Amino acid sequence: MPSIKDISWKSFASVFDSRGILTSIESNIDIPFEIKRIFYMHHVISERGGHAHIDTDQIVIAISGSFTIKLFDGVNREEFKMDDPTKGLYIPRMIFIELCDFSNDAVCLVLASTNYDIKKSIRSIDDFLRSITLEQ
């Protein structure tokens, strides 16, 4: 069962020159999975997340602005401030995620290891706690 201990920062190669910064990310090199889905959130006006993915690992990146990620593994809680586009937060499957405190210019990019299937997510904290109790 994944836990808060499995969450980690991933730094991405960035090239700096007089034109600006170019940051690149490669599947199975910079991140520990093949990317199956990419999505991003912007102009966010309320909290996002509020679920856990049964079989999806993710990398979350603050492309612009800032926001906070709150994570819960059923026992431990951890918060991460997202504000650096050269770093991503690796979040394994079966971690309950909440995103909040979005700045006006925030863009949250997510790289996922699976295609989207709402049936493979747990949409409430109570259902999440029941699910992990059954697995133990």
Side-chain angles (χ1 to χ4, degrees):
M1 186 74 172
S3 75
I4 292 292
K5 296 175 196 161
D6 299 313
I7 295 162
S8 62
W9 287 106
K10 302 294 181 190
S11 294
F12 306 124
S14 296
V15 177
F16 300 77
D17 67 22
S18 62
R19 300 168 293 174
I21 305 168
L22 183 147
T23 300
S24 65
I25 304 168
E26 296 185 45
S27 292
N28 296 313
I29 295 173
D30 300 306
I31 59 174
F33 55 80
E34 179 182 347
I35 300 167
K36 297 282 181 141
R37 181 171 186 246
I38 299 170
F39 64 94
Y40 54 96
M41 296 168 270
H42 51 95
H43 297 94
V44 179
I45 56 172
S46 65
E47 292 185 1
R48 300 293 310 233
H51 58 269
H53 294 281
I54 294 169
D55 66 349
T56 301
D57 299 327
Q58 300 179 314
I59 297 282
V60 179
I61 306 163
I63 295 298
S64 179
S66 64
F67 53 91
T68 300
I69 296 181
K70 297 178 181 181
L71 301 172
F72 178 54
D73 65 8
V75 176
N76 303 295
R77 295 182 184 275
E78 187 89 31
E79 285 189 22
F80 296 88
K81 180 71 170 181
M82 304 297 295
D83 61 3
D84 183 350
T86 67
K87 292 179 11 183
L89 191 63
Y90 169 69
I91 305 170
R93 62 197 73 196
M94 290 303 290
I95 300 289
F96 199 85
I97 183 171
E98 297 173 291
L99 296 95
C100 59
D101 303 327
F102 287 86
S103 65
N104 290 337
D105 60 341
V107 178
C108 172
L109 177 71
V110 180
L111 312 175
S113 66
T114 63
N115 293 315
Y116 182 69
D117 182 350
I118 195 167
K119 294 178 287 216
K120 292 186 175 184
S121 63
I122 302 169
R123 308 305 286 183
S124 78
I125 194 73
D126 291 335
D127 289 343
F128 175 70
L129 289 170
R130 275 192 289 280
S131 175
I132 60 174
T133 300
L134 292 174
E135 287 188 22
Q136 295 175 348

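This is a predicted model, so every value here is computed, not measured. Note that the numbering runs from 1 along the sequence shown for the chain.
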Peer 1: Could you go step by step and tell me if I69 and V60 meet the side-chain contact (heavy atoms from CB on, under 4.5 Å) rule?
Peer 2: CA-CA 9 Å; I69 296 181; V60 179; 3.6 Å; yes
Peer 1: Please identify each residue that fulfils ring pair (Phe, Tyr, Trp, His ring centres under 6.0 Å) with Y116, with sequence neighbours left out.
Peer 2: none
Peer 1: Say you draw a straight line from CZ of R48 to SG of C108; how long is it, rounded to the nearest 0.5 Å?
Peer 2: 9.0 Å
Peer 1: Between F67 and F102, what is the shortest heavy-atom contact and its length?
Peer 2: CB-CD2, 3.6 Å
Peer 1: Determine whether L89 and F12 fall in the same hydrophobic cluster, where Ile, Leu, Val, Met, Phe, Trp and Tyr are linked whenever their side-chain heavy atoms lie under 4.5 Å apart.
Peer 2: no
Peer 1: By salt bridge (Lys or Arg N to Asp or Glu O under 4.0 Å), which residues pair with D127, not counting sequence neighbours?
Peer 2: R130
Peer 1: The test is side-chain contact (heavy atoms from CB on, under 4.5 Å); show your working for I63 and Y40 and say whether it passes.
Peer 2: CA-CA 9 Å; I63 295 298; Y40 54 96; over 6 Å; no
Peer 1: Say you draw a straight line from CD1 of I4 to CG of N76; how long is it, rounded to the nearest 0.5 Å?
Peer 2: 6.0 Å
Peer 1: Is there a donor-acceptor contact under 3.5 Å from the side chain of T56 to the main chain of H53?
Peer 2: no
Peer 1: For S66, is there any backbone N or O sitting under 3.5 Å from a side-chain donor or acceptor partner on S103?
Peer 2: yes
Peer 1: Give, for atom OG of S131 and atom CZ of F96, the distance between the pair rounded to the nearest 0.5 Å.
Peer 2: 11.5 Å
Peer 1: Could you grab the distance from atom CE of M82 to atom CG of D101, nearest 0.5 Å is fine?
Peer 2: 13.0 Å
Peer 1: Applying the 4.5 Å side-chain criterion to the ILVMFWY set and letting contacts propagate, would I25 and I59 be lumped into a single cluster?
Peer 2: yes
Peer 1: Does W9 belong to the same Ile/Leu/Val/Met/Phe/Trp/Tyr cluster as I97, with side-chain heavy atoms less than 4.5 Å apart forming each link?
Peer 2: yes
Peer 1: Decide whether I54 and I125 are clustered together by the hydrophobic rule: side chain heavy atoms of Ile, Leu, Val, Met, Phe, Trp, Tyr closer than 4.5 Å, transitively.
Peer 2: yes
Peer 1: Taking the side chain as everything from C-beta on, heavy atoms only, tell me whether L109 gets closer than 4.5 Å to L111.
Peer 2: yes
Peer 1: Report the distance from atom OG1 of T86 to atom CD1 of I61, rounding to the nearest 0.5 Å.
Peer 2: 9.5 Å
Peer 1: Hey, could you give me each pair passing salt bridge (charged side-chain N to carboxylate O under 4.0 Å, His left out) that has a residue in residues 56-83? Not counting sequence neighbours.
Peer 2: D57-R93
Peer 1: Determine which pairs satisfy salt bridge (charged side-chain N to carboxylate O under 4.0 Å, His left out) with at least one residue from residues 105-123, sequence neighbours left out, and list them in order.
Peer 2: D55-K120
Peer 1: Show which side-chain atoms of residues 30-39 pair as donor or acceptor with protein atoms under 3.5 Å away, not counting sequence neighbours.
Peer 2:
| from | atom 1 | to | atom 2 | distance (Å) |
| --- | --- | --- | --- | --- |
| D30 | OD2 | E26 | N | 2.7 |

Peer 1: Could you list all the salt bridge (charged side-chain N to carboxylate O under 4.0 Å, His left out) pairs where at least one residue sits in residues 16-25, not counting sequence neighbours?
Peer 2: D17-R19
Peer 1: Nearest 0.5 angstrom please: F128 CZ to H51 NE2, how far?
Peer 2: 11.5 Å
Peer 1: Count I, L, V, M, F, W, Y as connected when their side-chain heavy atoms are under 4.5 Å apart, and connections chain through other members. Are F80 and I95 then in the same cluster?
Peer 2: yes
Peer 1: For residues I7 and P92, determine if any side-chain heavy atom of one lies less than 4.5 Å from a side-chain heavy atom of the other.
Peer 2: yes
Peer 1: State, yes or no, whether a side-chain contact exists between M1 and M94 at a heavy-atom distance under 4.5 Å.
Peer 2: yes
Peer 1: Given side chains that start at C-beta, do those of S3 and V75 come closer than 4.5 Å, heavy atoms only?
Peer 2: no
